[in-house]
Every structure is written in C-alpha cells, then in structure tokens.
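Every chain is numbered from 1, with letters handed out A, B, ... down the list of sequences.
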2 protein chains.
Amino acid sequence: MPYTYEYPHPAVTVDGVVFGYDDADLKVLLIQREAAPYKLRWALPGGFVEMTESLEDGARRELAEETGITQLYLEQLYTFGEPKRDPRERVISVAYYALVKLADHTVRAASDARNVAWFPVADLPALAFDHEEILDVALRRLKGKIRYEPIGFELLPEKFPLSELQRLYETILEQPLDKRNFRKKILSMGLLADTEEIQQDVAHRAARLYRFDEAAYRRLKKAGFNFEL
Amino acid sequence: MPYTYEYPHPAVTVDGVVFGYDDADLKVLLIQREAAPYKLRWALPGGFVEMTESLEDGARRELAEETGITQLYLEQLYTFGEPKRDPRERVISVAYYALVKLADHTVRAASDARNVAWFPVADLPALAFDHEEILDVALRRLKGKIRYEPIGFELLPEKFPLSELQRLYETILEQPLDKRNFRKKILSMGLLADTEEIQQDVAHRAARLYRFDEAAYRRLKKAGFNFEL
DNA sequence: AATTAAAAGTGTGAAATGGACACTAAGTGA
DNA sequence: TCACTTAGTGTCCATTTCACACTTTTAATT
C-alpha cells in the first residue's frame, strides 16, 4: 500500500497551541513524545492531516485524539515549513491555536497513553522541533488579538466575576490595568450579561457573576462595532 | 524517478496575491492558465514548493519565474487546504500576499510565455480553483493591516505627494478621508521625510514629494510606537 | 496680461475618549 | 467587634478625534 507520486511531496501536519487559564496563569497543553526524534521531549499536540479532512477538521481530530478536548475556540495561526524543521523528512506544519475553558476540561490521558500536561507559559520545558517558535508566534497573536476581539471569555468558565476577567487580561497583556477604567470599558461594550448570581464560598464580599453574551456580540459585530480595549 | 511514501502525502503549493496601485486603482496580478483544469481561466501566480526551499523562498521564486517581479513586500497570508479545492489531487496551498511598487515593475511575460496581467480589484474575471476566496482573504488582511502598520508605502513610488498617499488609503479602505486630518496624522507619525523636491509636469500647483523614512520606522517600532491611522 | 482651472496647503473649536486617582461597601473569620 | 479581603463606584484633566473653508500656487486658456 505505498503511495507514489511523480514529484516529491512534503508531509503535512497540523499542530495545536492550546491555551488554558487557571488561577492567574496562562497555560499551554503539551504532550510528551515517546519516539525519536526528540524522544521524551515535550511537544505541541498534532499529527498528519488525512487526505479527506480539511485542515481545521484535522486539527480538531488530533486534539480530540491526543488530549480528549473537543469544545474549543480554534483559529489558524501560521504555517511553518523550513526545510530542516523535522530531521526525518520535509514536513509542512499548519499551526492552529485554541482557547479552552480549563475548568470544564480535565485532560484525559492521550488515547495512546502518552503523557499530557498543562504547563504555565511562563515556565516551559524545552520543546521538540521548532515548537518553541510556534508557541512564540501563538503568544504574540493571542496578545495582539485580545486587544481588539473579545476572545478572552473563551478561557474563562461560563460565569465569572469581572475581577477574574481583569486578571486574565493582565496576565496575557503582561501589564496591570486600572480597575475602574477596565470595568467601565468592558461593561460599556455591552458584551457581558449579569447572571444575577454571585460568587459562592469566598472568604470576602462575593462578586457578581457575568457571562459572555454571544448574541449581543454577533449583533454588535455585524454593526461594525469596535471591541478595542 | 517516482517518489514513494508509506502514507499518502498532499501536494503543497504556494500562491501569491500580488497587489499594485496605479492611478487610484488597487490591482492584482493574475496569470492565465494554459492547461486543464480551469484552462484559460485567470489564476493567482504560484506553484509547487520545492523540497529544499522554505515556503517564503518558494513564493518568491514562483513570483520571479512567472511574473519577473523580485522586489516586493511579502507576508504569509493563510493556508488553504479543503480536500476538494483542486479536482486532481489533494493540494494544500500556502498563500502569501505581496505589495509592489507598480511604477518600477512593468510585468514581464512569464518565462513560459503565459499571459500575465494586472486587474483592478474592483473588476475581476472569474478565477480558477478557490482563488476568489484567497483574494478575498488577502483584501481583508490588507484593509485591516493598513490601519495600524505603515505598509501603504510599499505600493507607491519612492517619492510621492501626500495626496497620492491619501488616495491610496481611501482606495484600500473604501472610504473618504479628511485631507487636513489625514495630513496631520500621517506627518505626526514621523515616518515621512521631505525630499525637498516637488512634482514635475503637472498642470497645477506642484506638491512636495515625500519618501518613507525606513530608519525612522525601525526606530519608532522598536520603541513600541503605535502607527494606527 | 488677465482669467480660469486644479490641486496644494493650512488651523481652530467642539466633542469624545483615555487615563489617573481613593474611598466606601460587603462579607468572612478570628 | 475588629481586622482582613475583595467588590464596587465617579470625577477631573489631558489628549485625541472630528468636522469644517479659505488662500496659495502653478499652468493653461483667452
């Protein structure tokens, strides 16, 4: 069952940079490699694209197979194709980045029992291949995009207090934000709905919980509204 | 000399959306196909990536071969990989977009003598494959990027009057801009150097000519300056 | 030489936005 | 009841944005 072509074809893979947020830490999901090259190194989840699936479907499939994660915000990031990025053969990797609500997804061990774990972005192990570069591009993209698109919510639980949203922004942007100005700005966008609930089991005044109002988002987006922070 | 793999590999191409600007028109460079499928249809220039070159090098090589253009601003756009986008076999296409100074480059006929021509973006023929979608993504990217990065200069001659720069912005953004406000804003960025020259052979008051000051750009960029219009 | 045409070039005031800043309210635990 | 922790709230000043119209310069036409 070999496949033969008149001209050489590179292999094509999809890799995913999956971000999660937990307790003031931005985290990335990594998988430990079992085989050479880079045996035992941590790497981004990913794999070969199948001939009948789209690139995005391939990315979703690989993430589901390797980490069990299925509900996520997914967007194409960049395509990496330096000739020597994989020592075995020419591999073009179409990278996606994803945002998941960490609380909802305790990661399953991969279907093939490889190690899967969340690492804080601020404290990463050495990665396989050019995955450090891919991660770097993903971080810059996330940092840039969160300024003008309301994607931060994808990293938080369904219901969250404003302070948690602010901490998320401060973590990703790596700069402190003024509480009053942040609240004014975010609330004035009209994307947050008050759930009429408050935090439970906190040892201080409980905060109101909000949720992202997706219907409002679509309405405003269609009207050309600007979500710049 | 066939190439054989244990698993099926898609073909990988690079395609280029080359923009030029001329006389208040944004234009795209297209090539007429000679062979089936889509015989005689116009298409984006592009071709197969060679195994030893990077994706960007491949894009530059294809553009040089097919159109003779060598000096250009080039940036990766997006990767298109729907299973059926090419009827012959599975083809993943890494698209780049490019900006060229149209005045400097009268397009050469392709090395293989295919028809090459500039088309106004506002008045395009039907295109081969999914090239209309690729062009659409490129246009949106250009429109978005020109708002916060000074890339418009890449489309103008070395020396240009402010009115021409303004017309370029108005063309790309598809909206009129106020002359005084535009000048104030652009000049205050400190990216334009006065060449001390003025227009020649115009039938009215001649305008000062400016050039893009790349050294200043790099300095300001490093300092984290914001080039939003 | 005077007139017309065409585009260049220039400033102000009003409105909206952005950014700095500090205290009170509410709830828990000791 | 006191101490601690986080929630929640408004004002002022500086800056930016936006709307807006006339004079200058040069060449072409009569």
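The distance from atom CD of A:Q166 to atom P of D:dT6 is 13 Å, rounded to the nearest whole Å. In this entry the distance linking CD of B:Q199 with P of C:dA6 reads 16 Å, nearest Å. To the nearest angstrom, C1' of C:dA8 lies 16 Å from CZ of B:F160. Between the CD atom of A:E228 and the P atom of C:dG18 there is a distance of 8 Å, given to the nearest Å. Across the protein-nucleic acid pair, A:F225 atom CZ and C:dT17 atom C1' stand 13 Å apart, rounded to whole Å. At whole-Å resolution of the value, CD1 in B:I198 and P in D:dT25 are 12 Å apart. The CG atom of A:N181 sits 6 Å away from the C1' atom of C:dG19 (whole-angstrom rounding). Atom C1' of nucleotide D:dT6 and atom CG of A:L165 are separated by 16 Å, given to the nearest angstrom.
The aromatic ring centroids of A:F80 and A:Y78 lie less than 6.0 Å from each other. Aromatic ring centroids of A:Y169 and A:F182 lie under 6.0 Å apart.
Contacts of B:K185 with the nucleic acid, taken as non-hydrogen atoms under 4.0 Å apart, involve only primed sugar atoms and P, OP1 or OP2.
Nearer to the 5' terminus of DNA chain C, by closest-nucleotide assignment, is the contact made by B:K184 (compared with the other of B:K184 and A:L229). Annotation: of the two residues near DNA chain D, B:D178 and A:P161, the 5′-most nearest-nucleotide partner is A:P161.
Under 4.0 Å is where a charged nitrogen must lie from a carboxylate oxygen, and between B:K143 and B:E174 at least one such pair does. Using a 4.0 Å cut-off between a side-chain N of Lys or Arg and a carboxylate O of Asp or Glu, A:D57 and A:R61 do not qualify as a salt bridge.
In terms of polar N and O atoms assigned as donor or acceptor, the side chain of A:R205 comes within less than 3.5 Å of the base of C:dA25 in a complementary pairing.
Contact between the side-chain N/O atoms of B:R180 and the OP1/OP2 oxygens of C:dG9 is not found at any separation under 4.0 Å. At least one side-chain nitrogen or oxygen of A:S163 sits closer than 4.0 Å to the OP1 or OP2 atom of D:dA7. Applying the 4.0 Å criterion to OP1 and OP2 of D:dA7, one finds that A:R208 has every side-chain N and O outside that range.
The aromatic rings of B:F212 and B:F153 lie parallel to each other, their planes meeting at an angle below 30°, with 60° marking the opposite boundary. Classified by interplanar angle (parallel below 30°, tilted 30° to 60°, perpendicular above 60°), the ring pair B:Y217/B:F227 is tilted.
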Self-check item: Worked verdict on B:Y210 versus B:F160 for ring-ring contact (aromatic ring centres under 6.0 Å, His included)
Solution: CA-CA 5 Å; B:Y210 291 85; B:F160 53 85; 7.3 Å; no
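When each of C:dA8, D:dA7, D:dC18 is scored by its nearest atom to the side-chain atoms of A:R183, the top-ranked nucleotide is D:dA7. When each of C:dA25, D:dA19, D:dA27 is scored by its nearest atom to the side-chain atoms of B:A203, the top-ranked nucleotide is D:dA27. Distances were taken from every side-chain heavy atom of A:K179 (C-beta onward) to each of C:dA8, D:dC18, D:dG8; the shortest belongs to D:dG8.
In the helix from C:dA1-D:dT30 to C:dA30-D:dT1, the rotation axis of the first five pairs and that of the last five pairs differ in direction by 0°, rounded to 10 degrees.
The backbone N or O of B:K185 sits less than 3.5 Å from a side-chain atom of B:S188, completing a donor-acceptor pair.
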